[in-house]
J.: 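Take this structure, written in structure tokens, and hold onto it; I'll ask about it next.
Side-chain atoms are counted along with the backbone in the values below, which use heavy atoms only and exclude waters and symmetry mates. Predicted model only: the values in this text are computed from it and were never measured. First listed ligand is number 1; within each ligand, the first listed atom is number 1.
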Amino acid sequence: MKKLWGARFKSELHDTAKKFTYSLAVDHELLSADVKVSMAHALMLGRIGIISTRDSKTLVRGLWQVLASIRKKCVHGFASEYEDIHTLIQVELEKKVGKLARKLHTGRSRNDLVATSTKVYLREKITTLLEGLNQFQSILVTQAERNKHVMIPGYTHLQRAQVVLLAHHFLAYVEMLERDKSRLVDARNRMNECPLGAGALAGTSLPVDRRFVAKLLGFERPTSNSLDSVSDRDFAIETLSAVATVFMHLSRFAEDLVLWNSQEFGFVSLDDQFATGSSLMPQKKNPDVFELLRGKSGEVYGNLISLLVTMKGLPLAYNRDMQEDKRPLFRSIRLLESALSVLNGAVRTLKVDEVACTKASKDSFLFATDLLEYLVKKRVPFLEAHAMVGQLVKKALDSHSSLSGLPFETYQEHSKAFKKDVYDLFDPQVSISGKVPYGSTRPELVVKQIRSWKVRLKLEAKRLKLARRRGH
Ligand code: ARG
């Protein structure tokens with residue numbers, strides 16, 4: 001027996017139909033989740049007396065052996081023989097415990113089984129992703145701390161705008177990733193209801209104990225509507241959407257690094273282990289890792305759209321179309337795992353060129369806003385002050401001078417409020433130290449942020465480790 005149905009059919013499934021419908025090549029990734037779910041189911045069957053306690057224990061033992069033996073073999077070898085991972089587990093179980101294996105599928109369907117296993121799988125994967133994100137945040141904080149005195153021009157429209165601390169820039173990504181983590185946690189919390197017991201779509205006439213199974217598997221409760229339980233994949237879509245948002249952030253970070261690593265900026269240089277060369281131009285050292293991070297986001301967004309489109313026209317309840325949820329889900333998760341591990345190394349080994357950063361931060365036009373606020377503090381109305389500084393900028397540009405190179409008389413021509421101390425403003429340190437509000441780039445505030453992130457991330461790493469040990 002290599003499939004879980006067939007008695008009512010006169011002929012075997014055509015080879016082309018097999019090839020088209022079989023999913024083991026993809027869903028073998030669910031192996032350990034599916035075995036776990038089956039173990040809980042077997043224990044429940046024993047508990048309600050549909051099978052004996054002894055039989056239920058034998059099934060569980062058999063399932064352990066199945067897990068070990070399938071892991072050892074290369075699943076791809078029999079990808080074309082078995083319909084899916086559930087079938088493979090069933091067949092292997094029969095090899096271990098004999099005909100008793102045929103009782104395992106009592107009171108369930110692959111429809112509720114696959115929804116449950118996918119949730120169990122995802123819950124674990126989300127914990128792994130949270131750990132990866134947390135670790136990457138810590139590396140960003142380490143870089144922020146290591147370079148806490150380094151200033152760079154901050155940009156808007158990719159035009160030099162105002163001086164900021166490099167640490168402030170790194171911490172901006174730490175904030176984004178924190179929200180990304182919370183989106184993943186939300187998705188995980190919402191998927192914390194167990195579909196098993198919904199059967200194919202209507203439930204079962206057997207007295208299954210859904211609460212017991214849910215509890216064993218670490219779910220908060222069973223799902224409340226059997227049709228919904230087997231027919232929705234919003235939990236997968238939510239996860240894909242959260243992963244897509246992470247990639248959007250990582251991709252922007254990658255873009256910053258591609259720019260900063262260019263000769264035009266020269267703010268950072270990548271370690272040789274994380275840079276690549278050109279087959280033609282011997283002088284090149286390219287940031288391919290970061291470019292690919294940007295590039296791979298395309299697939300991640302595609303995966304989200306692919307599942308949304310797959311689901312959007314399906315009538316209730318289960319439809320085989322839903323089998324197509326797995327490839328995009330597994331691919332996106334794998335992509336994020338590998339992106340995070342390469343980023344860890346690439347960012348940890350990143351070297352900041354403080355001299356280049358400082359030089360760029362001394363560009364006098366970066367202080368135009370400070371000049372404007374200087375006037376405002378002397379009671380010049382904001383819009384008038386804006387116009388005055390705008391004219392000074394124009395004058396400097398027209399005479400190929402810097403803003404700080406304009407003579408004092410020129411300043412005075414525009415406003416008597418300008419005093420000699422105006423020249424003190426052309427100092428990046430003065431500029432950042434003068435920033436007032438909470439959340440700004442003022443060094444004491446940034447240092448405080450670094451300190452608080454260090455504590456938060458360390459605590460979170462501990463919490464995640466504990467959660468992993470507890471199995472969710
Ligand atoms: N492999 C299927 C899936 O991933 C589960 C099997 C349900 N098959 C069925 N014919 N009801 O969705």
J.: Can a side-chain donor-acceptor contact be found between T204 and R108 if the only test is distance below 3.5 angstrom?
T.: no

J.: Which ligand 1 atoms are under 4.0 Å away from a heavy-atom of D84?
T.: 1 (N), 6 (C)

J.: Suppose we measure from atom 1 (N) of ligand 1 to each protein heavy atom; which comes out shortest, and what is that distance?
T.: Q323 OE1, 2.9 Å

J.: Would you mind checking which non-hydrogen protein atom is closest to atom 11 (N) of ligand 1, with the distance to 0.1 Å?
T.: N111 OD1, 2.8 Å

J.: Before accepting this row, confirm whether a basic side-chain N of the pair E29/K326 lies closer than 4.0 Å to the acidic partner's carboxylate O.
T.: no

J.: Looking only at protein heavy atoms, which one is nearest to atom 10 (N) of ligand 1, and how far off is it?
T.: R110 NH2, 3.9 Å

J.: Hey, what's the ring geometry for W260 with F267, parallel, tilted or perpendicular (30° and 60° as the breaks)?
T.: tilted

J.: Taking only heavy atoms of S23 into account, list the atoms of ligand 1 that are under 4.0 Å away from them.
T.: 1 (N)

J.: Nearest to atom 12 (O) of ligand 1, what protein heavy atom do you find, and at what distance?
T.: Y318 OH, 2.4 Å

J.: Is R123 positioned over the aromatic face of F235, cation under 6.0 angstrom from the ring centre and no more than 45 degrees off axis?
T.: no

J.: For a quick check under 3.5 Å, do T128 and R468 share a side-chain donor-acceptor pair by atom type?
T.: yes

J.: Among the heavy atoms of K326, does any lie under 4.0 Å from an atom of ligand 1?
T.: yes

J.: Going by the ring pair (Phe, Tyr, Trp, His ring centres under 6.0 Å) test, which pairs reach into residues 284-334, not counting sequence neighbours?
T.: Y121-F330

